[in-house]
Amino acid sequence: MKKTVWLFLLAGMAATAQKNLTIQEATMGQYQMFAPKSLVAPAWRKDSKTITYLDNSYANLMARSQENNWTESTLISKTELTNALKAKFPADTFELRMFPYTYKWNDANTLVLEVAGKNNTYLVLFNVTKKEIKSAIAISNEAAQQQLSPNGANASWLKDNNIVISTVDGKTINVTNDTDKGIVNGSDYVHRQEFGIDKGMWWSPNSDKLLFYRKDETMVANYPLTNWDERIATNKDIKYPMAGMKSEEVTLVVYDIASGKSTTLKTEGPKEQYLTTVTWSPDGKKVYVGVLNREQNDLKLNRYDALTGNFEKTLFEEKASTYVEPLHDLTFVPGKNDQFLYRSEKDGYEQLYLYNTEGKQLKKLGYLDVVITEFLGFDSNAKNAFYMGTADNGLERQLYKVELSSGKTIPVTTQSGTHTTLLSTDGTFALDSFSNTITPNTTTIVNLNNKKDTNTVLKAENPYTGKTVLPKMELVTVTSADGKTPLNGRLIYPADFDATKKYPVIVYVYGGPHAQLVTNKWLGGASLFDYYLAQQGYVVFTLDNRGSDARGRDFEHVVHRNLGVNEMADQMRGVEFLKSKSFVDQNRIGVSGWSFGGFMTSSLILDHGDVFKVGVAGGPVCDWKYYEIMYGERYMDTPQENPEGYAKTNIIDKAKQLNSRLLIIHGAQDPVVVQQHSMEFINACIAAGKQVDYFLYPNHEHNVRGKDRIHLNQKIADYFDTYLKK
């Protein structure tokens, strides 16, 4: 009897382990209950061999140092920080839910923190040794995009479309006072955040000047977004410059704190050019700007005098028959104010180049076909630079070291997979977090001088063990439509896979520039929702076609003037690969994607309706003439210059070809792919007598986030279950 009960309990445990994911778990679990254990907010303590991070409660800042043989200790607690804040600002109230995870190290003993009180937000310099506040600047709780100056004496922030500076002694300076909302100062939302733009203000190295964007979009057409939350719906107008139409006009302004004077850099040329790669010289006397023409095929790296705004010199010019896409500021070599690193794909792969400030290229620092994905820093004497780059046809991320004088490059990490690395400020140690398809996460401190002195900080267990069994996944290779380029693919098999059965297939696609879906890391780069669908009995397949990220210039630039054409040709090679599998039901193939993936989904359904039975397209671009200038014209030129390309990729004109089930999903507040795209397509379907399904999320923008994401995933799953599985 006891043996029977025990066997029953074991069977029950096994059944629990085999439980399929719920739609809630599949949507949120990847970032919550099923997230592999990792360090939270790790950072190297400046000028020391100490790594810091938050503990599992998020309440304490922990530390491990070489001096203490990398043993863990508590550096500062949330309680100690709260007490220091209350002592410094007794008139305010602080209720910290966690230690500020956006902390930065200013020096070996000083943290830079941003803390919200009931009355104000504070930018704080905190001494971790004395556990006291060195200085703090109070700014409004409504402030946006706040930045502390390098010396900690000033903070710039945005109040609507204007810039305010608050000082450590309590003064407030209104840098700009534009009443027209079409004049936007200091915002990072310039050129629609293309060209790597992630800030709109830059403090000079010695903190005496503030450089900022001034965007004039008064001449750009208003575009209405309907707000359905009001008793009577209202329109919120945004500025949306569509391809081929009038664009914004942007300048760069230097504000001098001592004199209160503003000086505009003389970036002369067409008013609709793009200003990128904005970098102060180390001495604060010069400003370097990448000036890119609207056609995006001619970049000039210019130098300007910060005091007068005068143009001084074009250091070099970069041209292309397709497009030039600057994405990164210059990186000056420590101790050498006349040398900097520049990132470019001019020779085929985005790599590092060493230049002097007169524009002479001193050394090409690229290595094979490696694409640099992140620059990490230098060693203590700036002899070597470190960066993350691709390997294995873009599937992996590895750490590389390059000697500046010779260009000799050494791969530092070699274990197959995806590495995420933080470099100590002297370049002697690295915190290396690593995963691959069978390793959830392993984090190690590596001595870069010998690579043998390592210390494992954590080794994550498989978070699904005992909770669910994920279907089998494998990385595959498919040859592209050009007959020579290997493409990375990911195949997730159905649960309880039986090779003698026939299964329906869902192709999940993105396919556009700056995105890569297939990587050699945990889960193969897939979302947990993909595994959920596989648990429901689908084969789930993804292919990174030509045009996608991390494979170099020529791999991406095949999209130029014909978005979707070569991408679809490669996806159809993926379909041929699927059809070669005996377990694939060739009559039940579906496709799904969002944004560019929505465009690809719709295009595949319309051009290859004999292959794809069902499609779900989220936020799809339906006609590129309705898309914004900066992205759209880079890849398609203007509608006036490329009417054939726009016509060929226009799915609205192809509505009459619809013979499959297609669900279009859109966010009514979408400021990226405006709802006009899908509405025009729906109109075309009505005119052609074609039935199409449509679902709108009234209060969401370009993507559906939060708890409503569960609703979205359920809708997608239900649609495939209804029209593809049966």
Side-chain angles (χ1 to χ4, degrees), residues 23 26-27 226 228 504-511 527 529-530 532-533 536-538 540 564 568 571 575 585 587-623 626 649-670 672-705 708-726:
I23 193 68
T27 304
T226 302
W228 302 103
V505 178
I506 297 174
V507 176
Y508 179 68
V509 63
Y510 182 81
S527 74
F529 182 58
D530 290 342
Y532 170 87
L533 292 172
Q536 306 308 307
Y538 296 97
V540 182
M568 274 197 291
Q571 289 295 328
V575 170
D585 187 338
N587 296 315
R588 291 190 294 165
I589 299 178
V591 58
S592 177
W594 201 277
S595 193
F596 197 99
F599 161 68
M600 287 288 290
T601 294
S602 305
S603 299
L604 288 165
I605 281 283
L606 294 167
D607 282 19
H608 301 281
D610 57 328
V611 173
F612 294 100
K613 183 180 179 182
V614 181
V616 179
V621 175
C622 298
D623 185 342
Y626 295 130
T649 60
N650 182 347
I651 72 166
I652 297 170
D653 292 343
K654 299 178 183 179
K656 57 184 176 293
Q657 299 171 203
L658 180 62
N659 292 307
S660 306
R661 296 296 312 203
L662 176 61
L663 170 62
I664 301 286
I665 304 175
H666 218 131
Q669 307 295 318
D670 195 335
V672 179
V673 181
V674 293
Q675 193 189 346
Q676 185 172 355
H677 284 270
S678 58
M679 295 302 283
E680 289 292 326
F681 180 72
I682 298 299
N683 269 334
C685 288
I686 294 169
K690 297 292 184 177
Q691 293 295 327
V692 62
D693 296 311
Y694 191 67
F695 193 87
L696 193 67
Y697 283 91
N699 298 311
H700 284 272
E701 295 191 349
H702 187 50
N703 218 324
V704 178
R705 305 183 186 279
D708 291 356
R709 185 78 181 188
I710 298 171
H711 186 277
L712 168 69
N713 282 345
Q714 187 69 68
K715 176 158 288 294
I716 294 171
D718 288 348
Y719 198 78
F720 282 121
D721 284 348
T722 301
Y723 298 110
L724 186 65
K725 182 180 282 188
K726 298 176 182 179

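Along the sequence shown, the residues carry numbers beginning at 1.
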Please list, one pair per line, the donor and acceptor atoms closer than 3.5 Å that link side chains of residues 711-718 to other protein atoms, with sequence neighbours excluded.
from   : atom 1 : to     : atom 2 : distance (Å)
His711 : ND1    : Tyr697 : OH     : 2.8
Asn713 : ND2    : Thr27  : OG1    : 3.0
Gln714 : NE2    : Asp718 : OD1    : 2.9

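Considering OH of Tyr510 and CZ of Phe599, their distance stands at 11.0 Å, rounded to 0.5 Å. Distance check, rounded to the nearest 0.5 Å: CG of Asp623 to CD1 of Ile651 gives 9.0 Å. Once rounded to the nearest 0.5 Å, the distance linking OG of Ser592 with CD1 of Ile665 reads 7.5 Å. With values rounded to the nearest 0.5 angstrom, Asn659 atom CG is found 12.5 Å from Gln691 atom CD. Between Leu663 atom CG and Tyr719 atom OH the span is 5.5 Å, to the nearest 0.5 Å. To the nearest 0.5 angstrom, Ile664 atom CD1 is 12.0 Å from His677 atom NE2.
Defined by atom type and a distance below 3.5 Å, a donor-acceptor pair is present between the side-chain atoms of His700 and Asp708.
Lys726 has no carboxylate O lying under 4.0 Å from a charged side-chain N of Asp721, or vice versa, which leaves the two without a salt bridge.
The nearest pair of heavy atoms linking Gly615 to Ile605 is N-CD1, 3.6 Å. The minimum heavy-atom distance linking Ala668 with Trp228 is given by the pair CB-NE1, 3.7 Å. The heavy-atom pair separating Pro504 from Gly537 by the smallest distance is CD-O, 3.6 Å. Shortest non-hydrogen contact noted between Glu701 and Gln669 is CG-O, 3.6 Å.
A search for ring pair (Phe, Tyr, Trp, His ring centres under 6.0 Å) contacts involving Phe720 returns nothing, not counting sequence neighbours. Residues meeting the side-chain contact (heavy atoms from CB on, under 4.5 Å) test with Thr722, sequence neighbours left out: none. Among residues two or more places apart in sequence or in another chain, the side chain to side chain donor-acceptor pair (under 3.5 Å) test is passed with Tyr626 by none. Gln657 meets the side chain to side chain donor-acceptor pair (under 3.5 Å) test with no other residue; sequence neighbours excluded.
Considering only heavy atoms from C-beta on, Leu724 stays 4.5 Å or farther from Phe612 through its side chain. Between Val505 and Arg588, the closest side-chain pair of non-hydrogen atoms is not below 4.5 Å. Side-chain atoms of Val591 and Val509, non-hydrogen and from C-beta on, do get closer than 4.5 Å to each other. When side chains are defined from C-beta on, Cys685 counts as touching Leu658, because their heavy atoms get closer than 4.5 Å. The shortest distance between side-chain heavy atoms of His666 and Leu696 falls below 4.5 Å. Side-chain contact between Ser660 and Lys613 is absent, with no heavy atoms from C-beta onward closer than 4.5 Å.
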Phe681 vs Leu662, side-chain contact (heavy atoms from CB on, under 4.5 Å): CA-CA, chis, key distance, verdict: CA-CA 12 Å; Phe681 180 72; Leu662 176 61; 3.8 Å; yes

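In this structure, Arg661 contributes its side chain and Tyr723 its backbone to no donor-acceptor pair below 3.5 Å.
For residues 593-611, the set of pairs meeting the side-chain hydrogen bond (donor to acceptor under 3.5 Å, both in side chains) definition, not counting sequence neighbours, comprises Ser595-His702, Asp607-Lys654.
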